[in-house]
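Everything on this sheet refers to the single structure shown next.
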There are 2 protein chains.
Amino acid sequence: MADTPRSFDSTELGAYFALIEVSSLLRHTVEQQLRGAGDLSYVQFQLLARLGNSPDGSYRMTDLADGVVYSRSGLTYQAQSLEQRGLVTRAPSPDDERSTTVTITQQGRDTLTKVFPGHIAVLDELLFEPLERADVEAMADVLGRVRDHMRAAPPRSAAPRRRRTS
Amino acid sequence: MADTPRSFDSTELGAYFALIEVSSLLRHTVEQQLRGAGDLSYVQFQLLARLGNSPDGSYRMTDLADGVVYSRSGLTYQAQSLEQRGLVTRAPSPDDERSTTVTITQQGRDTLTKVFPGHIAVLDELLFEPLERADVEAMADVLGRVRDHMRAAPPRSAAPRRRRTS
DNA sequence: CACAGATGCTTCGAATCCGAAGCACTAACT
DNA sequence: AGTTAGTGCTTCGGATTCGAAGCATCTGTG
């Protein structure tokens with residue numbers, strides 16, 4: 001473990017720090033906008049957005065949790081909250097009694113459309129404003145590759161339960 | 001407000017989503033490594049790291065909070081925690097009785113060195129592995145500019161208390 | 001100097017978050 | 001079918017988080 005005690009040069013450090021800082025700052029501002037515009041937390045918005053983009057407006061709990069990088073128990077909490085507010089419904093899946101299917105309601109979609117313009121405005125102002133088109137493309141490309149790489153590796157808590165090894 | 005209901009193209013969306021996803025996934029993994037290696041949360045590590053990089057190993061509470069994008073009350077909580085564990089000390093500032101100066105202790109530095117190799121290993125493996133040198137440079141450049149832009153704008157909760165305007 | 005406003009930090013209460021443990025259902029193997 | 005392992009979700013307890021309010025100090029102005 002930790003068998004490569006190499007250190008980073010300033011460019012690498014800069015990239016890393018900038019990444020963390022930008023996402024923190026962005027998240028912060030977005031959070032406030034969402035709270036004000038539709039009384040949503042960032043997580044709640046992400047959940048609704050994902051559901052809204054789904055072809056049938058629904059997902060399994062686990063897939064939702066993995067999608068937004070969130071703990072399952074945390075998702076249960078938020079899903080209950082959203083359900084009480086009438087923004088989603090929950091029902092056991094037809095094919096698998098264990099799993100719960102979360103579906104966005106019309107009211108959920110309305111909330112989404114109500115909140116969206118402001119959300120875009122914040123992103124535009126904070127994230128895209130200082131960037132050229134090429135920068136955005138580079139960012140999408142580079143970060144996209146990183147994401148794929150991360151998703152490829154054991155996505156959540158590494159150790160697969162068992163190795164059915166020969 | 002929201003006077004620009006333009007929408008994003010897929011590149012922009014990709015850049016945004018990738019940013020969020022990458023930082024979330026990264027944070028998650030790093031968190032676990034830190035927890036295991038030195039019983040630190042990510043925030044605690046960030047605080048120690050910042051203090052460790054400071055010329056005199058200390059910062060004011062507010063500057064620390066702004067640095068890591070964190071609420072003041074949250075910082076108070078973590079600073080107390082770190083102080084109890086002997087990783088930092090807190091003392092009123094000499095020149096301003098109001099402000100508290102947080103200083104990293106030798107034990108804090110030791111913890112930092114103990115945790116660092118693993119931290120670097122995670123970053124190397126998860127973030128830098130799929131990237132060329134040029135990619136890292138592009139990332140540092142683009143995200144660095146975004147960060148500067150964000151920091152330039154009213155950094156925390158917008159409204160300055162008063163406008164001493166003419 | 002007295003005072004109002006600004007600033008730095010902490011306390012407080014409520015919301016959110018996570019991991020571990022538990023419950024229910026499914027799959028695989030015999 | 002019976003047994004064992006795997007999977008999906010929730011509950012639980014404790015930790016962390018934030019914003020609002022409070023307290024103490026500082027600063028600028030009369």
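Lettering follows sequence order; numbering is per chain, from 1.
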Requested in this report: Check DNA chain D against residues 57-64 of chain A and give the residues with a non-hydrogen atom under 4.0 Å, in numerical order.
Outcome: A:Arg60, A:Met61, A:Thr62

Query - Strand-adjacent residues in residues 96-104 of chain B, judged by heavy atoms under 4.0 Å from DNA chain D - result: B:Asp96, B:Glu97, B:Arg98

**Report entry** Positions of residues 34-46 of chain B (non-hydrogen atom under 4.0 Å from DNA chain C), listed by number
**Finding:** none

Under the 3.5 angstrom rule, does the side chain of [X] hit a backbone N or O of [Y] as a donor-acceptor pair?
X: B:Glu12; Y: B:Asp9; value: yes
X: B:Ser81; Y: B:Tyr77; value: no
X: A:Arg50; Y: A:Gly67; value: yes
X: B:Thr103; Y: B:Thr89; value: no
X: A:Asp135; Y: A:Glu132; value: yes

Report summary line: In terms of heavy-atom contacts, B:Ser58 and B:Asp56 come closest through OG-OD2, 3.0 Å

**Report entry** Nearest heavy-atom neighbours spanning B:Arg145 and A:Leu131
**Finding:** NH1-CD2, 4.3 Å

Starting at atom [atom1] of [X], determine the distance to atom [atom2] of [N], rounded to an integer number of angstrom.
X: A:Gln32; N: D:dG19; atom1: CD; atom2: C1'; value: 10 Å
X: A:Arg72; N: D:dC12; atom1: CZ; atom2: C1'; value: 18 Å
X: A:Arg27; N: D:dT17; atom1: CZ; atom2: C1'; value: 12 Å
X: A:Tyr70; N: C:dG19; atom1: OH; atom2: C1'; value: 14 Å
X: B:Asp66; N: C:dT7; atom1: CG; atom2: P; value: 13 Å

Is there a side-chain polar atom (N or O) of [X] under 4.0 Å from OP1 or OP2 of [N]?
X: A:Gln78; N: C:dA15; result: no
X: B:Gln80; N: C:dT11; result: yes
X: A:Tyr77; N: C:dC17; result: no
X: A:Arg90; N: D:dC9; result: no

Report task. Answer yes or no: is there an ion pair linking B:Arg72 with B:Asp66, defined by an N-O contact shorter than 4.0 Å? Result -> yes

Query - Side chain of B:Ser73 - closest among D:dT10, C:dC18, D:dG19 - result: D:dG19

Query raised in the report: Any side-chain donor-acceptor pair under 3.5 Å between A:Arg133 and B:Thr11?
Result: yes

Query raised in the report: How about A:Gln107 and A:Arg85: do any of their side-chain heavy atoms sit closer than 4.5 Å?
Result: no

Requested in this report: Using the six-membered ring wherever Trp is involved, compare the ring planes of B:Phe116 and B:His119 and label them parallel, tilted or perpendicular (cut-offs 30° and 60°).
Outcome: perpendicular

